[in-house]
Every structure is written in C-alpha cells, then in structure tokens.
Amino acid sequence: MADGTGNRAREGGEYGRRQMGCRTGQATGREKAESYRTGQATGRSKAERHHHEGGEDERTARGATPCRTGGCDGVPEGGQRWRRGYEKKEERTEGERRTGIKPSSSPPSVSKPSLPVPRPILPSPAWISPFSIPPKPSTFTFPPVPCFQGFLFPRIRSAASQSPPRRYFFFSHRRRGFCAANQPSAQDPQRALDVFNSVALQRGFAHNDATYSALLLRLARARKLRAVDALLRRMRREPCRFHEAPLLSLASLLLSRRLAPPEAALRIFRSIPAIVRRRPSPRAVAATLNLLVDAGRFDLARDLLSRVEHPNSCVRNIVVKLHCKAGDLGAALRVLDEMRASKTAPPNLITYSTLMKGLCKQGSLKDAFHLFEEMIDKDRIAPDPLTYNVLIDGFCRQGRLDKASAVLSFMRNNNCEPNVFNYSTLMNGYCKEGKVEEAKKVFDEMRSSGLAPDAVSYTTLIGCLCRLGRVDEGIELAREMREKGCKADVVAYNVVIEGLTKGGRVGEAMGLLESLPHEGVRLNASSYRIVMNRLCARGEMERAVGLLGLMLGRGFAPHFAASNELLLGLCDIGRVADATVAFYGLAEMGFVPEIGTWARLVETVCKERKLWKLFELVDELIVAE
DNA sequence: GTAGGGTTAG
C-alpha cells in the first residue's frame, strides 16, 4: 500500500525503533516526550505520583530509560526538587519548625524559610457537628494499588544500574495517554501513532484490541497506509486476542472511501488467521466478498469464492449480485436454481430482489414480474416494500408510469403499506417524464398517508421544478423543507444551487456557496463546479475569478474543461495578471492545461510584454512536461 | 462491521 502523506520516514522510524528496542529511539523520543509532558503534567494518576514520590536515588533516575508518554518520563527535574524538599522537611525537628533556625550541630546549609506550624484539620473530638455523622469503624481497607484493566510494570532501567530494586509503576488502558488513539480530540493521527509507540516501548506491555482498532481506522482515514500495514503486521505478534470485526471495518473503510485498491480487502481477509488465530467466519467471507463485488473486482471475488466450501444464503446472494453486475443473468438464475434445490442455503427475499433488479436493469421487466409471481406462488415468500420498489423503479425507468402507480395501489390492497422509498421512486418516475403535477400529487399522497417526506423526496421534486424553469417554486419548497425540520444534504443544496444558476440568479447561488459552509453544510466539488461551469459558459470571467479564489481556498478545484475555459476567457479579455494568478492556483491543485491553453497563455503574456511572466510560464511548462 | 430500494453532477 502506498502512502502519499510524506510521513513515511517518521512512521518507519518509529516502527523501526520499536523493533530494535526502546533505547535506540531514546534521543528523539525524549524530544517528543517533552511536548507531551507539558500537556499531561497535571493529569498524572495517583499511582504514578506514588511512583515518583516513592524515593529513587538520582543515579537511577538519570539512568532510567524514558517511556516517552510524559507521565512516566524518568523522574522529571521538578519532581526531584519537590522530593528533596519533602525529605528535608521530614528531617526537621520541632524546634526548627518553630524558629526556622538549625541547631549548631547541623552541617552548614542554605538558609530556608521557616514552615508554619501545622494546624489541626479535624475539629476537637469533644464536639460533633450535627451535619456529620461519624463513620462506623470498618475493618475494610482498600488494596494498596488500584488495578482496573491495568498492569504493574517493572521500571525499565539502564544497563548501568547494577542491582535494580523492583519498583513498579502503574499503567491502565483507560488512562488518557494510552487511549490517545481513541480520543476524538486526537485529530493528528501521527500523534496518536507516537503515543501508541511510546507506550508500547514498556517491557511486558501489550496494547489491546480496542486501541489497535481505533488507531487502524484513524490512520486509514488519514491515508497513512504504510502505518496501517505496519500495524497489521505487528498485530500478528501481539499476545492479546483480536477480533475480526475491526479488520472488516478497516477493509470496508478503505474500499468505500477508495483509500486503497480492492486487493487490500483481500489481504486483510487473508491476514485473519494470523491475527485472530481462527479461520475467517462466514460473516468475514461474506463481508469481504461483498466489498470485492461492489468494487467491481469480479476476478478477486471469484478467487475468494473458489475457497468457500459451503456457501450460505448470504454468500450465494452476493454471487447472484456478482452475476447481475457482470450482466450474466443466466448464471444468476442458475444460482437461484441451486438455492431452490438446497436445504441449507434456500433463496430468500434478498435473492429475489437482487435478481429482479438485475432483470429490470436489462429491460426484462416481464421476467422480473414473472419471478416476483414465482416467489409468492412457488416459494411462498411474501414481498416487502423493498421488493415492490424494484418493480416500481423498473416500470418507471421504462416510462410505464401507470403500471408503477398500479404497483403502489397493489401494495396497499395487499397489506403492505408503501414507505417513503416507494413514494419517492414513483415521484422520480413522474419527474423524469416532466410530469411535475403528478409528482406533486404523489408527494401529497405520501404526506396524507402519515409519512414525512425526507431529503430525497424533497430533492426529487425541487430538481424537477428547477429543471422546468420553476425555480421560485423549487426554492419555496426548499424553504418549506427547512421549516418542516427536514435536513437538506449536499445533493439537495446542489439542486437548489443549480436551479438558481440556471434561472440566472448566479449572485444568489454564489451567496449560498459562500455562506453554507459557515452554517455547517459540507459542500462538495460539484457544488462549486455547477456555478463555475455556468460562469465560464456565459463568459462571466470577473465572477469566475472570484469563485475560483473561493473554491481553491476551500480545497476544491474546478473541472478540467472549465479550468481551461477560464484561462482562455481571461486571455480573451486581456486579463493577463488574473490569468497568471489563476493558472498558478490551479497548478497547485494538480491542474495541467491543455496544449492550446498553454499556447494562448504564452501568446497573451508575450503580447503584453510581460517577459518575466513568460519565463515563469516556460519554467512551469518544462516542469509539467 | 454477512446480502436487496429512491435524488444532483462536465
């Protein structure tokens, strides 16, 4: 797995030091420990304070290898001073405490301020407060060291210390330092990794499943895939017991966010025996197979399938999906036949829905409906709203809206109340045909049946109104959506932004682009591109440059074609300076102009006699080549 | 985090 974060050396270094032993990493580790210590000095546990206060000679303290978590980093200087003061205080006599003057027999020393005579904290035993009930004398005593999910570890000592006394300090997985990988506040995955490595340097310590799981996901989200790999390798050697679920979550995260190629899911699956020390469960097989099929890697899915001895209904359903996605409906129907003949893996609603969807996609609606009837008659399986939805969508996509509507009525008459999905699928069918009034009727029907339209239902109708040029009605609906407490997602906002843009209300669209992120809405590249494309197409370069600044500043780049159009448009109106600035901004996002755009840029700069800019451009051209 | 459904888009 590749890591594009530029932190390879650091990750590798940390991991390498762990491999070689803690002393190799001592020098750099101490530097990092310094930064942690400042943040954690006040959060030390009682047990740890006990350790520091416990009296250790200075030679040992200096020679001790720091554990680099901050809380146990040798004995800090402040701690030493504090301890010395404490020892001196114990040596003082009653007379010294009163006068602050040492007797003449004592060795000469630096004069110290006298300490006040301690006053009794408890009231006189003769008087008992009416608010305090004296506790019953109890024989119960707390154990000397609290030990909750934690361990006692011998302190790591340097080779110089000859006869190390067995002193222990306490660490718990619950402690903040240990759980840094789990803390939502630990946004920096590198820091989480550093803390993880630091703690693991303790002899005899082992991280647990939860810590590994949290760190794996955090690193994966940050695209630190080399570190993820290293962690997975390390898990094979850990003594603690791991579960499958975190590994499956990791595979799902990597593939769903396209952080890693599909092979990564298969590698994780194959690592299960070494890490979990068990054969992969049927659940793990199904999860991995499903990820591979969803990623379209049928070759890898088939490879995995060839090793599955007794596929259950779930695995077979995924195989049905595989064949449907690959367009081999014959093979999918053969799997259905096998399932019908099988007692251990019979077909179920999901088998039929998947197959019906595949048939609808191929336009074989008749076969899909036939299968639907077979499911009810032959296998005695009652359809649910989801199965009906496949049929509604199938009929809608063929423009047979009467049939789709009839399915909805059929559902009601057959004891299956339609849900929001069913209504919005039918609405979408009407919307695609431009029949917004019928769509509105379905929308009202949905509400009168007691269902609250969701963001998708609203978006479907808003989009339709905007496409028909009824932008104001669409915006009014968007307002109503907000008033009714239905939270709009980025798709809903994009539909509104597009409606505004098409309706010539670019200023309002740009206003939304500017303000929505401040209101907590996470826009995506499409949100900005919808407007940028429009501006470029209409030659509104002034606004386009402004929008470019906004989107580049937020980490979004325009579409490739729009970027070229923007540069050409700026050259056309002689805005050389803007064109150059825009070019550098786009280049930073990885944009390389078309050859024609290069030529135009160079030509315009030459005409303007801005030769120094020309040289810069040529330099960029050489780098790009 | 074992399997099936509806929305936008250069």
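Per chain, numbering begins at 1; letters A, B, ... match sequence-line order.
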Considering just the side-chain nitrogens and oxygens of [X], establish if one lies under 4.0 Å of OP1 or OP2 belonging to [N].
{"X": "A:K502", "N": "B:dA9", "result": "no"}
{"X": "A:N428", "N": "B:dG6", "result": "no"}
{"X": "A:T425", "N": "B:dG5", "result": "no"}
{"X": "A:K432", "N": "B:dT8", "result": "yes"}
{"X": "A:N389", "N": "B:dG6", "result": "no"}
{"X": "A:K321", "N": "B:dG4", "result": "yes"}
{"X": "A:N533", "N": "B:dG10", "result": "yes"}

When you measure from the side chain of [X], which nucleotide among [options] comes out closest?
{"X": "A:I318", "options": "B:dG5, B:dA3, B:dG6", "answer": "B:dA3"}
{"X": "A:S252", "options": "B:dG1, B:dG6, B:dT8", "answer": "B:dG1"}
{"X": "A:N317", "options": "B:dG1, B:dA3, B:dT8", "answer": "B:dA3"}
{"X": "A:V491", "options": "B:dG1, B:dT7, B:dG5", "answer": "B:dT7"}
{"X": "A:A561", "options": "B:dG6, B:dG10, B:dG5", "answer": "B:dG10"}
{"X": "A:F421", "options": "B:dA3, B:dT7, B:dG5", "answer": "B:dG5"}

Report the distance from atom [atom1] of [X] to atom [atom2] of [N], rounded to the nearest whole Å.
{"X": "A:K361", "N": "B:dG4", "atom1": "NZ", "atom2": "P", "answer": "12 Å"}
{"X": "A:N419", "N": "B:dG5", "atom1": "CG", "atom2": "C1'", "answer": "8 Å"}
{"X": "A:L391", "N": "B:dG4", "atom1": "CG", "atom2": "P", "answer": "18 Å"}
{"X": "A:L523", "N": "B:dA9", "atom1": "CG", "atom2": "C1'", "answer": "14 Å"}
{"X": "A:N524", "N": "B:dG10", "atom1": "CG", "atom2": "P", "answer": "12 Å"}
{"X": "A:R467", "N": "B:dT7", "atom1": "CZ", "atom2": "P", "answer": "11 Å"}
{"X": "A:Y352", "N": "B:dG5", "atom1": "OH", "atom2": "C1'", "answer": "19 Å"}

Are any side-chain N or O atoms of [X] and backbone N or O atoms of [Y], one a donor and one an acceptor, separated by less than 3.5 Å?
{"X": "A:N422", "Y": "A:P385", "result": "yes"}
{"X": "A:D379", "Y": "A:M375", "result": "no"}
{"X": "A:S527", "Y": "A:L523", "result": "no"}

Integer angstrom distance from the P of B:dG5 to that of B:dG1: 14 Å
Over all strands shown, is [X] touching base, sugar-phosphate only, or nothing at heavy-atom distances under 4.0 angstrom?
{"X": "A:V285", "result": "nothing"}
{"X": "A:R534", "result": "nothing"}
{"X": "A:P246", "result": "nothing"}
{"X": "A:S457", "result": "base"}
{"X": "A:L386", "result": "base"}
{"X": "A:S353", "result": "base"}
{"X": "A:T460", "result": "sugar-phosphate"}
{"X": "A:V495", "result": "sugar-phosphate"}

Between A:R600 and A:D572, does at least one N-O distance fall below 4.0 Å, as a salt bridge requires? yes
Do [X] and [N] have a side chain to base donor-acceptor pair shorter than 3.5 Å?
{"X": "A:S424", "N": "B:dG6", "answer": "yes"}
{"X": "A:T387", "N": "B:dG5", "answer": "no"}
{"X": "A:N348", "N": "B:dA3", "answer": "yes"}
{"X": "A:D384", "N": "B:dG4", "answer": "yes"}

Heavy-atom check, side chain of A:Q362 versus side chain of A:D367, under 4.5 Å: no
List the steps, then state whether side chain to side chain contact (heavy atoms under 4.5 Å, CB included) holds for A:D393 with A:K357. CA-CA 9 Å; A:D393 192 47; A:K357 177 86 184 166; 3.5 Å; yes
Counting only pairs under 3.5 Å, give me each side-chain donor-acceptor contact of residues 546-562 of chain A, with atom names and distances, residues two or more places apart or in other chains.
| residue | atom | partner | partner atom | Å |
| --- | --- | --- | --- | --- |
| A:R554 | NH1 | A:L513 | O | 2.6 |
| A:R554 | NH1 | A:Y528 | OH | 2.9 |
| A:R554 | NH2 | A:E514 | O | 2.9 |
| A:H559 | ND1 | A:A561 | N | 3.2 |

